[in-house]
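Just so we're clear, the structure is a prediction, and the values are computed from it rather than from any experiment.
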Amino acid sequence: MSSTVIQPYLRLSGLEPLVIRPETNFVNIGERTNVTGSKKFARLIRDNQYEEALSVARQQVENGAQILDINMDDALLDGVKAMTTFINLLQAEPDIARIPIMIDSSKFEIIEEGLKCVQGKCIVNSISMKEGEQKFIEQAFTCQAYGASVIVMAFDEVGQADTKARKVEICERAYKILTEQVGFDPQEIIFDPNIFAIATGIEEHNNYAVDFIEATREIKQKMPLAKVSGGVSNVSFSFRGNDHVREAIHAVFLYHAIKAGMDMGIVNAGQLQVYSEIEPKLRDLCEDVILNRNNANNEVTEALIAFAETVKAKGKEVVKDEAWRNDPVEKRLAHSLVNGITDYVEADTEEARQKYPKPLDVIEGPLMDGMNIVGDLFGSGKMFLPQVVKSARVMKKSVAYLFPFIEAEKEERRQAHLAAGTINEEGAGAAKILLATVKGDVHDIGKNIVGVVLGCNGYDIIDLGVMVPADKILETARKENVDIIGLSGLITPSLDEMVHIAREMKRQNMDLPLIIGGATTSRMHTAVKIAQEYDKGVIHVLDASRSVTVAGSLLSKEQKPEFIKNTYKEYRKLKEDFGNKKAKKAYLSFAEAQKNKVKIDWEKFTPVKPTFTGTKAFIDHDLDEIATYIDWQPFFIAWELHGKFPQILSDEKVGVEATKLYNDAQALLKKIIEEKWLTAKGIIGFWSAKSDGKDTITVAPLPPEGGNQEAPSIPQRGKSVQLEFLRQQIKKAPGQPNISLADFIKPASLNPSEGGTLEILPSGGGGADYISAFAVTIDGIEPHLKRFAEQHDDYNKITLQALADRLAEAFAEMLHQKTRKEYWGYDKEENLSNEDLIQEKYQGIRPAPGYPACPDHTEKYKLFKLLDATSNTGIHLTESLAMYPASSVCGWYFANPESRYFGIGKIEKDQAEDYAKRKGMPLEEVERWLRPVLEYDA
């Protein structure tokens, strides 16, 4: 009987195996599921938006990652909890979990907890001998016990290896320990011999690339079954901001490193140049620098730096180069569309109109040809969203110029048919897509971007705007004979409205695909809640770049049936996985959760009294001051450009366009401030408060003469307000509390003479605790949006909306700082940079109703009542409790040093019943508002 010989290959797996054989090409490792490398991913994890964070992982897989690196090393995170939660959720996503996981952390306790969760065969990144052999051996045994392969850093007690000799020496020593003492198979060991930056101008750095390449060669000769990995972008760090040169350096470096035996690494494969197609002079210079040839006195380094400057200069001259104006009109229009140039669009459109038989031929010919180029470049990742929106601006201006001629031609045809007594049959035209932000929701930046992108791809977009009721959406869809309906929403009540619209579409026997999008939506919610109500095609679209592909599939007679069938098959699996996940989680009874509250020694706590009680209004506050508090990261996210700020401005892939966008935004912001386009209005308030020791905070009434005299008094002065909060109910690890915001307010004493009722001290009473609230808005945007729309300028329209949102958040940040240092004054010595503020390094918190720590939007009614927010700021609440104007923020201020941001997670029915009783609301109504956080089916 013959036996099968198992080859000594590195075998990894998710749901599918990955076997790395000698003939295997270079293996790409996806790195964006890393809180230190992706601001978007970090924000989602910190906000407990794990379901949305999965989209980052999914994007990595779709972009060709063969291994997924996951890192949760962040000072503000519970790394163990974040790692285990994310991996557990990821395992239930077959399209992501199919590839192997790399558990990445500098803290071994996080690695070990991750190993307990991961399925398949993973990689640990990393272990090293920096803390000595004993620690290294202990960690290696642990990894081996879980069946994991390991990345070993070339790092020992002395430090990181920077020469070939040190790299090989450390790797050999580690290899011997792992194979002889721990019992690792050689093929399970992956070495990272450290890639460092070259061409820094420091002579000692010149040989770093050679050291890595030659160390790799020797490691593979001495330890042929081991693998070699590394972070490729490090090598070109000196040229950050110059993508052209960096990409060439990466390609040349990998050409030599892979030949020497490098097996895998973190690299943006989509941005690599083909080695043989690099401009010869640049390739020769890169070769000389990487291989450290002819580099005495840094001569080659200086030559490459000088060449890099000429590349930058050429890049800047492109805009000024008018040679393209000598091309035929078709090419000139295409050039304007691709580069977003509006300077010549009317003249070129007129020239094309004179050349073509009909004005419509200009649209269907050269304009659509140009937009097809834009679509191809965007789809392949070679253009980014801001560029596409600029292209749309050119297209709209050209179409607007042609519109009167098209209408005149139609009228001529109509008159001719009338004279002849014949029927005028116009063509059906482009496919129509109706877009709307659902009833009660006022946010539409994302919808506007999707509309622009779809419009660029030839679709006729009917945008109904914001706060659109279901009957108007469906009536318009019938009247306009649309082909697809697209719904958008930001706040959680919008999810229920989307479910309602899906039910109505089914009840009315409609046969149109329904696209779902918006920040609060998710593929999981679409699968579990919306798709179950309508069977003619409900598709969740993650972002604008996916909308074109989805629309094309839904409008293709050949593709649509299979596309919907496969989507619903995927949704059924998601719903099944969702049910299984719910069953696995353990929850405490609500009474038990209340007992496990945050432990604060109130006997030793003395609340700080604010400088006043009542309210203080800020009317037309200085925008110039507010602008200094802007967090720019979400601005770029709105444009689907991802990366840390300001590092994104020099990012390899998006840096050039991010810089252009940032400069345009700064110019527009300057105009907004100087010309007073927008008005900042806000209000803050402070009141005495006590908790009941559970989940209710009673805000004391103001005496008749109390309150700040600059602002109107709050309604119903003299009556206390009961604020109700929810509590985490999931079973925690020992010593971990089930948190409620009420835990951060000092409990009241019990008055036996009144049967244990709450004894609340009046404002300013000795020993009283306090709570604060705020509401801010940026008003006056509508006329400017209207003007940009009339000018067919979506780029500036969307930029203005995004800036207004940033100013509202900045206003909230500014008032919070002034509250801490002046108005409440509990941290007068605070001295934090804007980056520190963004990272929430201050004392206290400002949670907002409708968000993770207090997910019930209906508590906004009480906040608005206390502040008299509508009278003082002009902010109105919609029926779904969104705020209008859309660029508005409100929330509570908590000052306790123990207060911290958290998410409620899911709650059980016993808490929902108690909450309904405390609020005096029917359980069914409470369940409707809290549906996203209910663990049970309501």
- request: Report yes or no: is the cationic atom of R325 (NZ for Lys, CZ for Arg) closer than 6.0 Å to the six-membered ring centre of Y344, at no more than 45° off its axis?
  value: yes
Contacts of [X] that satisfy salt bridge (charged side-chain N to carboxylate O under 4.0 Å, His left out) - sequence neighbours left out:
| X | answer |
| --- | --- |
| K396 | D794 |
| D805 | none |
| K841 | D836 |

- prompt: When you look at I195 and F253, which way does the side-chain contact (heavy atoms from CB on, under 4.5 Å) test go after all the steps?
  reply: CA-CA 10 Å; I195 299 175; F253 176 82; 3.8 Å; yes
message: With side chain to side chain donor-acceptor pair (under 3.5 Å) as the criterion, how do S522 and H540 come out once you've worked through the C-alpha distance, each side chain's angles and the decisive distance to 0.1 Å?
response: CA-CA 7 Å; S522 68; H540 179 255; 6.0 Å; no
Where is the tightest heavy-atom contact between [X] and [Y], given as atom of each residue plus distance?
| X | Y | value |
| --- | --- | --- |
| A627 | L669 | CB-CD2, 4.2 Å |
| V35 | A42 | O-CB, 3.5 Å |
| L454 | A551 | CD2-CB, 4.0 Å |
| A665 | L803 | O-CD1, 3.7 Å |
| G370 | L337 | CA-CD1, 3.7 Å |

field: Donor on one side chain, acceptor on other, E813 and Q817, under 3.5 Å
entry: no
Using the ring-ring contact (aromatic ring centres under 6.0 Å, His included) criterion, which residues pair with [X]? Sequence neighbours excluded.
| X | result |
| --- | --- |
| H205 | Y208 |
| Y842 | H816 |
| F191 | none |
| H784 | W677 |

message: With side-chain contact (heavy atoms from CB on, under 4.5 Å) as the criterion, how do I99 and I67 come out once you've worked through the C-alpha distance, each side chain's angles and the decisive distance to 0.1 Å?
response: CA-CA 6 Å; I99 71 172; I67 299 171; 5.6 Å; no
Partners meeting side-chain contact (heavy atoms from CB on, under 4.5 Å) with [X] (sequence neighbours left out):
| X | answer |
| --- | --- |
| A810 | I626, Y629, I630 |
| N207 | V210, D211, N292 |
| D263 | K220, K227, V228 |
| T33 | F41, V56, A57, L68, I70, F86 |

query: Got a sec, which pairs hit salt bridge (charged side-chain N to carboxylate O under 4.0 Å, His left out) with one end in residues 331-344, sequence neighbours left out?
result: R332-D348, R332-E351
message: Is any side-chain heavy atom of L785 closer than 4.5 Å to one of Q801?
response: yes
- request: For residues Y795 and W639, establish whether the separation of their ring centroids is below 6.0 Å.
  value: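 Here the rings of W639 and Y795 have centres that are less than 6.0 Å from each other.
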message: Check this for me: does any side-chain nitrogen of one of K107 and D73 sit under 4.0 Å from a carboxylate oxygen of the other?
response: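 No, no charged N to carboxylate O under 4.0 Å.
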